[in-house]
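Here's the structure we're looking at; comments come further down.
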Amino acid sequence: DAGVTQTPRHEVAEKGQTIILKCEPVSGHNDLFWYRQTKIQGLELLSYFRSKSLMEDGGAFKDRFKAEMLNSSFSTLKIQPTEPKDSAVYLCASSLMGPYEQYFGPGTRLTVL
Amino acid sequence: AQKVTQTQTSISVMEKTTVTMDCVYETRDSSYFLFWYKQTASGEIVFLIRQDSYKKENATEGHYSLNFQKPKSSIGLIITATQIEDSAVYFCAMRGLTGNTRKLIFGLGTTLQVQP
């Protein structure tokens with residue numbers, strides 16, 4: 001089975017731009033997660049979907065971050081408008097429904113100038 | 001609120017020795033699940049091993065094992081016969097069953113350097 005795929009692997013944006021990151025979970029997984037990783041804050045949850053329903057949207061990330069699951073095998077994370085402080089690695093992960101281990105994608109490294 | 005703490009920022013060991021990485025957690029859930037992940041230099045995050053809170057036996061997986069001390073809210077990762085390729089950042093994480101505890105809470109990680 002293919003693992004979690006993410007595109008693009010790298011993204012450079014100007015401040016104020018809109019960017020869309022993409023994720024395809026492992027086939028058959030019902031839970032999908034978006035995380036942001038920085039050296040200072042570590043791994044922070046942005047959004048959590050179960051069977052395409054949004055379960056949690058990460059509180060502080062609500063205003064400019066919007067994740068969607070268009071179908072069970074595809075999710076997007078939109079950041080609008082981008083700010084330099086959004087520069088980080090964005091990771092997508094999926095798991096079977098329940099308290100199971102998550103499988104991570106390779107991440108998208110975002111740089112906002 | 002749930003919290004995971006890894007107090008060791010970095011550890012350096014010689015190849016073929018055994019290393020233990022510490023992790024303590026806070027939760028009000030009666031059942032919860034603990035995980036260790038490894039992040040390689042390329043950025044890839046890989047699942048290593050899991051411990052269910054209701055199981056008394058320590059989980060083992062290859063040369064990884066856990067030291068689960070529930071009364072101390074502690075879940076240490078033990079790597080035996082370390083190899084150069086074990087050099088990475090190791091994250092401890094916890095996940096509950098209900099409400100907002102279903103998300104995975106991560107510690108900040110411990111960097112392991114295995115020296116030849």
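What's counted below: heavy atoms across the whole structure, side chains too, no hydrogens, waters or symmetry copies. Order of the sequence lines fixes the chain letters, A, B, ..., with proteins taken first and strands second; residue numbering starts at 1 for each chain.
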- From CD (Glu44(A)) to CD1 (Ile105(B)), nearest 0.5 Å: 10.5 Å

- Do the side chains of Ile11(B) and Val4(B) join up, straight or via other hydrophobic residues, at under 4.5 Å, putting them in one cluster? yes

- Task: With a 4.5 angstrom heavy-atom cut-off, could you sort out which part of Phe91(B) is near chain A: side chain, backbone, both or neither?
- Result: side chain

- Ile45(B) portion near chain A, given a 4.5 angstrom heavy-atom threshold: both

- Message: Does any backbone or side-chain atom of Gln41(A) lie under 4.5 Å from a heavy atom of chain B? Answer side chain, backbone, both or neither.
- Response: backbone

- Task: Treat each ILVMFWY residue as a node, draw an edge where side-chain heavy atoms are under 4.5 Å apart, and state whether Tyr100(A) and Leu45(A) are in one component.
- Result: no

- Does Tyr90(B) belong to the same Ile/Leu/Val/Met/Phe/Trp/Tyr cluster as Leu108(B), with side-chain heavy atoms less than 4.5 Å apart forming each link? no

- Message: Quick check on the hydrophobic clustering: are Val13(B) and Ile84(B) connected, directly or via other members, by side-chain heavy-atom contacts under 4.5 Å?
- Response: yes

- Message: Report which part of Arg50(A) has an atom under 4.5 Å of a heavy atom belonging to chain B: side chain, backbone, both, or neither.
- Response: side chain

- Side chain, backbone, both or neither of Gln6(B) within contact of chain A (heavy atoms, under 4.5 Å): neither

- Task: Considering only heavy atoms, give the residues of residues 80-96 of chain A separated from chain B by less than 4.5 Å, sorted numerically, with 'none' for an empty result.
- Result: Leu91(A), Ser95(A)

- Task: Could you state whether Leu77(A) and Leu54(A) fall into the same hydrophobic cluster, counting links through intermediate Ile, Leu, Val, Met, Phe, Trp or Tyr residues with side-chain heavy atoms under 4.5 angstrom apart?
- Result: yes

- Please look at Tyr35(A) and chain B and tell me whether the side chain, the backbone, both or neither of the residue comes under 4.5 angstrom of a heavy atom of that chain. side chain

- Query: For the side chain of Tyr37(B) and the backbone of Glu101(A), is there at least one donor-acceptor N/O pair under 3.5 Å apart?
  - Reply: no

- chain A contacts: which residues in residues 47-81 of chain B have a non-hydrogen atom closer than 4.5 Å to it? Phe47(B), Arg50(B)

